[in-house]
Structure formats: structure tokens, C-alpha cells
Number of protein chains: 2
Amino acid sequence: MATNDYKNILEMLENSGLRATRARKIILELLAEKNRHFTPEEMLEALRERGQPLSIATLYQNLARLVEKGLVIKIVGLDGSFRYDFNHDPHDHMICSRCGKIVDVVVKGSLEGISAQPMDAEDDLTNWKILEKRVEFVGLCPECQAAEQN
Amino acid sequence: MATNDYKNILEMLENSGLRATRARKIILELLAEKNRHFTPEEMLEALRERGQPLSIATLYQNLARLVEKGLVIKIVGLDGSFRYDFNHDPHDHMICSRCGKIVDVVVKGSLEGISAQPMDAEDDLTNWKILEKRVEFVGLCPECQAAEQN
DNA sequence: TTACGTGCAAACGTTTTGCACAAAC
DNA sequence: GTTTGTGCAAAACGTTTGCACGTAA
């Protein structure tokens with residue numbers, strides 16, 4: 001991680017009104033530098049390996065605060081597990097249905113023409129306020145395609 | 001539920017190779033007749049109210065078997081909770097970001113022109129095998145829009 | 001009659017909480 | 001000096017499992 005990024009992390013914390021504690025700094029550093037979507041368990045492991053161990057309670061408490069302040073986003077895997085992402089720009093996800101890996105993607109092509117209509121006649125969608133159209137690409141990553149051969 | 005539906009449930013179980021037990025019948029009846037996406041907890045509650053109580057172990061065991069046989073589908077809410085849906089035709093979902101309600105929808109417009117490209121240069125998506133493009137409409141249901149006013 | 005399903009209670013993995021001590025401001 | 005964060009241990013939560021008994025075919 002470049003020096004710039006570290007300054008950015010301090011700034012982000014400052015701007016969000018959160019104190020710049022050790023826990024928050026190492027969590028953000030980890031997410032900022034690795035191109036991955038960690039589960040809480042994976043974060044604990046990764047931080048332990050770096051010689052920056054963190055207690056599980058502190059991790060969960062801080063992830064909740066960081067999500068609340070918008071510094072980190074929380075996403076749900078196909079299996080219901082939670083993963084965290086530093087990526088702030090609007091984006092969608094490509095998910096491996098076998099191993100759960102998630103890769104950030106941008107959608108090519110317009111979603112303008114896409115709309116929803118109810119499947120069941122008794123549902124009325126006209127009074128919903130649509131905030132977002134998310135596209136999830138579900139597939140098999142190269143590693144899992146190889147594993148499926150066996 | 002019409003008599004026809006009940007026969008269909010028996011047939012579905014027969015065709016899937018699963019025995020037609022009390023637990024499976026009442027679970028499928030509930031899902032078939034209600035236009036809802038139940039969490040396991042909600043199913044237990046609904047069945048209790050109908051005078052058809054079921055043990056939690058049996059519910060989970062059977063949901064797993066029914067999903068495995070394709071009679072029921074399992075979906076994950078925005079908050080990571082599991083919900084179950086009587087499996088009909090392929091469809092997408094409209095989800096309320098405030099209360100978690102899920103409504104089945106069909107997408108109008110083609111997804112043909114929609115593709116994914118990696119956000120991070122180091123990700124290569126060319127060797128993924130894409131199985132599905134899912135669209136999730138996230139918004140506020142009428143009830144939650146009213147509640148947000150306060 | 002035999003294989004399979006059910007329900008209880010116990011175990012499990014993940015997430016949350018209460019609280020004393022420590023660090024940030 | 002005051003407010004906020006940390007880490008431990010315990011609790012809570014949703015889900016799964018082992019096992020004795022019951023039911024479907």
C-alpha cells in the first residue's frame with residue numbers, strides 16, 4: 001500500500017467522525033490493499049498472519065461502524081455468508097456458485113430498458129420505489145471448473 | 001388450496017422419489033398457497049397457527065431435501081437470512097431494503113446485451129463460465145415508504 | 001418388514017453483548 | 001479528564017446432528 005493510501009485512510013476516518021484507532025486502521029489497510037472480499041473469519045486470519053492480531057469482538061464492532069459510515073460495504077454471498085468490500089464506486093458482482101468467490105465488475109450495456117413485472121396477479125408493484133437494479137453474474141470460476149472435471 | 005393442488009403435491013413428491021410424509025405435505029401446502037417467501041422461523045409460526053406444528057429439526061431436514069430435489073428454492077435476503085419459495089418458473093426478485101420483503105417478478109426487457117467487465121485490472125473474467133444473470137430490484141415497499149415519513 | 005422420517009436434546013459456527021481496562025482526543 | 005474503543009468471556013442466534021422411536025411403502 002502506498003503512503004498516499006495510508007493518508008487517505010486517516011482522512012476517511014477523520015471525515016467520517018470516527019476515531020483513528022489501531023483496529024480501524026488495520027482493517028481498512030487490509031481491505032484497501034487486497035483485491036478480495038473477505039469474510040470476518042478470513043480477515044482475522046489475514047491480520048494474524050501479518051502480526052496484527054485483532055479480537056473477534058473488535059472486528060465485528062468496527063465492521064458495523066465502518067459500514068454504517070459508508071467506508072466499507074457489506075455484501076451477502078450466495079450461501080448467506082457476509083463479506084466486506086472497500087470498493088466505493090458503484091459496481092456489481094460476479095459470484096462463483098461453487099466456492100463463493102466474488103469479483104467486482106461493472107456492467108456493460110444499459111439497464112434502462114429492464115423493468116420488473118409481478119409474477120403473481122395479486123402483487124402490485126406500482127407503489128414500490130425502486131432504488132437500485134443489481135445484476136449478479138453467477139457462474140464458475142476457472143479453478144472450480146477444473147475441480148468439477150473430477 | 002384446491003384439491004388439484006393437493007394432488008399435485010402428492011405427485012411432486014412421488015416423482016421426486018421422496019416419501020409423502022406429513023411434514024413434507026404441510027410444508028409444500030404452506031408454500032404453494034401463500035404468496036410469500038418464508039424464513040424457517042416464519043414457517044414454524046405459520047404451521048403452529050394452523051394447528052400443524054412441526055419440530056424445527058424436521059423442518060430444516062425437509063427443506064434441505066426439498067431444495068435438493070428442486071421442489072423448493074432457497075434464496076438469500078439482503079440481510080443474509082434464508083427464505084424458501086415454492087419452485088415455479090425462473091424468475092427474479094424485488095426486495096425491500098428496509099423490511100426484507102421479497103416479491104417474485106419477471107424481467108421485462110432482454111439481458112442479452114448485458115455483460116460484465118472486471119473493475120480491477122488484475123482480475124480476468126474471460127475464463128469464467130457464466131451460468132446465470134440475475135437481476136435484483138432493490139427498493140422500498142409501500143408500507144416502508146410510509147414508515148420512512150416518520 | 002425394512003428403510004426412511006420424526007422429534008428431542010445437545011452441539012455447532014457465527015455474531016452480539018456486558019463489562020473492566022486502555023487509548024484517543 | 002472525558003469519551004470512545006478494546007478484548008475477554010459469556011450469551012444469543014440460526015442451523016445441524018446423534019439417536020431412540022414412529023411411520024410409509
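Just so it is clear: chains get the letters A, B, ... in the order the sequence lines come, proteins before strands, and each one is counted from 1.
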Residues in ring pair (Phe, Tyr, Trp, His ring centres under 6.0 Å) with B:Phe38, at least two apart?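 Per chain and number, B:Phe38 pairs via ring pair (Phe, Tyr, Trp, His ring centres under 6.0 Å) with no residue.
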
Please confirm whether the backbone N or O of [Y] pairs with a side-chain atom of [X], one donor and one acceptor, at under 3.5 Å?
{"X": "B:His37", "Y": "B:Tyr84", "answer": "no"}
{"X": "B:Gln117", "Y": "A:Val106", "answer": "no"}
{"X": "B:His93", "Y": "B:Asp104", "answer": "no"}
{"X": "B:Asp92", "Y": "B:Val135", "answer": "yes"}

More than 12 heavy atoms of other residues, nucleotides or ligands under 6.0 Å from CD of B:Glu14: yes or no?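 Counting other residues, nucleotides and ligands, CD of B:Glu14 stays at 12 neighbours or fewer.
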
Does B:Lys34, at its NZ atom, have more than 12 non-hydrogen atoms belonging to other residues, nucleotides or ligands within less than 6.0 Å?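 For B:Lys34, atom NZ is not crowded (no more than 12 foreign heavy atoms under 6.0 Å).
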
With a non-hydrogen cut-off below 4.0 angstrom, is B:Ile56 in contact with a base, only sugar-phosphate, or nothing?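 Since a base atom lies under 4.0 Å of B:Ile56, the category is base.
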
Whole Å only: how far is the [atom1] atom of [X] from the [atom2] atom of [N]?
{"X": "A:Leu63", "N": "D:dG7", "atom1": "CG", "atom2": "P", "result": "13 Å"}
{"X": "A:Ile26", "N": "D:dG7", "atom1": "CD1", "atom2": "C1'", "result": "13 Å"}
{"X": "A:Leu13", "N": "D:dT4", "atom1": "CG", "atom2": "P", "result": "16 Å"}
{"X": "B:Gln52", "N": "C:dG7", "atom1": "CD", "atom2": "C1'", "result": "17 Å"}
{"X": "A:Asn62", "N": "D:dT4", "atom1": "CG", "atom2": "C1'", "result": "11 Å"}
{"X": "A:Leu66", "N": "D:dT4", "atom1": "CG", "atom2": "P", "result": "17 Å"}
{"X": "A:Leu54", "N": "D:dG5", "atom1": "CG", "atom2": "P", "result": "14 Å"}
{"X": "B:Arg65", "N": "C:dT6", "atom1": "CZ", "atom2": "C1'", "result": "14 Å"}

Under 4.0 Å between a side-chain N/O of B:Ser55 and OP1 or OP2 of C:dG7, yes or no?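 Looking at the OP1 and OP2 atoms of C:dG7, one of them is under 4.0 Å from a side-chain N or O of B:Ser55.
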
Do B:Arg36 and B:Glu42 sit within salt-bridge range, that is, some charged N less than 4.0 Å from a carboxylate O?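 Salt bridge present between B:Arg36 and B:Glu42.
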
Could you check whether B:Glu143 pairs with B:Arg98 (Lys NZ or Arg NE/NH1/NH2 to Asp/Glu carboxylate O, under 4.0 Å)?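 Between B:Arg98 and B:Glu143 there is no salt bridge, as every charged N stays at least 4.0 Å from the carboxylate O atoms.
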
What protein N or O atoms touch nucleotides 21-25 of chain C N or O atoms at under 3.5 angstrom, if any, and at what distances?
unit_1	atom_1	unit_2	atom_2	d
C:dA24	N3	A:Arg19	NH1	3.3
C:dC25	OP1	A:Ala20	N	3.1

Close N or O pairs between protein and nucleotides 17-20 of chain C (under 3.5 Å):
none

